[in-house]
Amino acid sequence: QVRLVESGGGAVEAGGSLRLSCTASGLTFRDSAMGWFRQTQGQARELVSCINSRGGLTYAPDSMKDRFTISRDNSRNTMYLQMNLLKPDDTATYYCAAAQIGWWYPVQCEPVDFGYWGQGTQVTVSS
């Protein structure tokens, strides 16, 4: 059974930083592309960033590139999201996701491309 567990969310003031972690079990982590998504109530799930199975390729929308950094440690079956200069608009539930392939050519990273999801961790940024 695949399990993805996010941690590291919480409340922070604008301008602050948080580091999210996602620990995976039940899958061959080193063969799986991974991604971070976020969602607010009533809105579609939005890609924050994704990373290929070996950690050498990443993709993020332009709006996410400057402040968010994705990484992974395959020896620990864990993916990270470093979030800096947080803004109130970053307030959301953040989800990690695992794909059943290592990457896509051309890159995709749409929610439909990920077969496994964590339960989410709340990030709240106050002004």
Side-chain angles (χ1 to χ4, degrees):
Q1 180 182 357
V2 175
R3 190 164 182 237
L4 303 176
V5 180
E6 302 98 335
S7 60
V12 65
E13 293 185 349
S17 298
L18 284 173
R19 188 194 196 203
L20 306 183
S21 298
C22 171
T23 301
S25 59
L27 78 166
T28 307
F29 185 77
R30 65 179 183 274
D31 290 339
S32 300
M34 300 290 294
W36 286 103
F37 293 80
R38 69 185 187 185
Q39 189 172 25
T40 56
Q41 197 165 6
Q43 301 296 315
R45 199 160 288 191
E46 176 185 30
L47 173 68
V48 176
S49 190
C50 56
I51 188 167
N52 76 330
S53 58
R54 305 295 169 166
L57 295 172
T58 64
Y59 173 78
D62 288 342
S63 59
M64 307 288 186
K65 287 180 180 178
D66 289 342
R67 300 181 295 115
F68 297 152
T69 303
I70 192 171
S71 61
R72 65 191 293 163
D73 184 343
N74 285 355
S75 70
R76 297 178 183 271
N77 281 12
T78 301
M79 175 181 64
Y80 305 97
L81 183 68
Q82 179 67 42
M83 305 188 295
N84 298 325
L85 298 174
L86 285 162
K87 305 174 182 179
D89 284 349
D90 295 320
T91 294
T93 302
Y94 285 71
Y95 297 90
C96 80
Q100 292 174 284
I101 63 172
W103 198 237
W104 306 267
Y105 296 96
V107 65
Q108 298 180 187
C109 293
E110 298 291 334
V112 69
D113 298 315
F114 294 84
Y116 306 107
W117 293 84
Q119 82 289 349
T121 186
Q122 179 67 32
V123 171
T124 302
V125 184
S126 59
S127 58

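Computed from heavy atoms alone, side chains included, the values below leave out hydrogens, waters and symmetry copies. Everything quoted here is computed from the prediction, not taken from an experiment.
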In one Ile/Leu/Val/Met/Phe/Trp/Tyr side-chain cluster, 4.5 Å: [X], [Y]:
X: Met79; Y: Leu4; value: yes
X: Ile51; Y: Leu47; value: no
X: Tyr116; Y: Phe29; value: yes
X: Ile101; Y: Val2; value: no

Flag the pair [X] / [Y] as yes when at least one side-chain heavy-atom distance between them is below 4.5 Å, and no otherwise.
X: Thr91; Y: Thr40; result: no
X: Leu20; Y: Met83; result: yes
X: Val48; Y: Leu81; result: yes
X: Ser17; Y: Gln82; result: yes

Cut-off 3.5 Å, no hydrogens considered: what does the side-chain donor-acceptor table look like for residues 102-110, sequence neighbours left out?
| residue | atom | partner | partner atom | Å |
| --- | --- | --- | --- | --- |
| Gln108 | NE2 | Asp113 | OD1 | 2.9 |
| Gln108 | NE2 | Asp113 | OD2 | 3.3 |

* Please determine, by modelled atom types, if Ser53 and Asp31 share a side-chain donor-acceptor pair under 3.5 angstrom. =>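 Absent: no donor and acceptor within the cut-off.
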
* To do: For Ser126 and Glu13, test the side chains for any donor-to-acceptor distance below 3.5 angstrom and give the result as yes or no.
  =>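 Distance-only check fails for Ser126 and Glu13.
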
* **Any donor-acceptor N/O pair, Asn77 side chain to Ser25 backbone, under 3.5 Å** =>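 Pair absent, no side-chain N/O of Asn77 close to backbone of Ser25.
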
* Give a yes or no on whether Arg3 atom CZ has more than 12 heavy-atom contacts from other residues, nucleotides or ligands under 6.0 Å away. =>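 Open.
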
* For Glu6, check side-chain contact (heavy atoms from CB on, under 4.5 Å) against everything at least two apart and list the hits. =>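 Result, side-chain contact (heavy atoms from CB on, under 4.5 Å) vs Glu6: Trp36, Tyr95, Cys96, Gln119, Thr121.
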
* Does the cation-pi check pass for Arg72 over Tyr80, that is, NZ or CZ under 6.0 Å from the six-membered ring centre and within 45° of its axis? ->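 No, a cation-pi geometry is absent between Arg72 and Tyr80.
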
* Does the side-chain hydrogen bond (donor to acceptor under 3.5 Å, both in side chains) test come out yes or no for Thr93 and Gln39, once each step is laid out? -> CA-CA 5 Å; Thr93 302; Gln39 189 172 25; over 6 Å; no

* Closest heavy-atom pair and its distance - Ser32, Leu27 ->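 Nearest pair, atom of Ser32 first, then Leu27: OG-CD1, 3.4 Å.
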
Please tabulate, one pair per line, all N/O donor-acceptor pairs under 3.5 Å involving side-chain atoms of residues 63-70, not counting sequence neighbours.
| residue | atom | partner | partner atom | Å |
| --- | --- | --- | --- | --- |
| Lys65 | NZ | Asp62 | OD1 | 3.1 |
| Arg67 | NH1 | Leu85 | O | 3.1 |
| Arg67 | NH1 | Asp90 | OD2 | 2.7 |
| Arg67 | NH2 | Asp90 | OD1 | 3.1 |
| Arg67 | NH2 | Asp90 | OD2 | 3.4 |

* Could you walk me through whether Arg45 and Arg38 pass the side chain to side chain contact (heavy atoms under 4.5 Å, CB included) test, one step at a time? => CA-CA 6 Å; Arg45 199 160 288 191; Arg38 69 185 187 185; over 6 Å; no

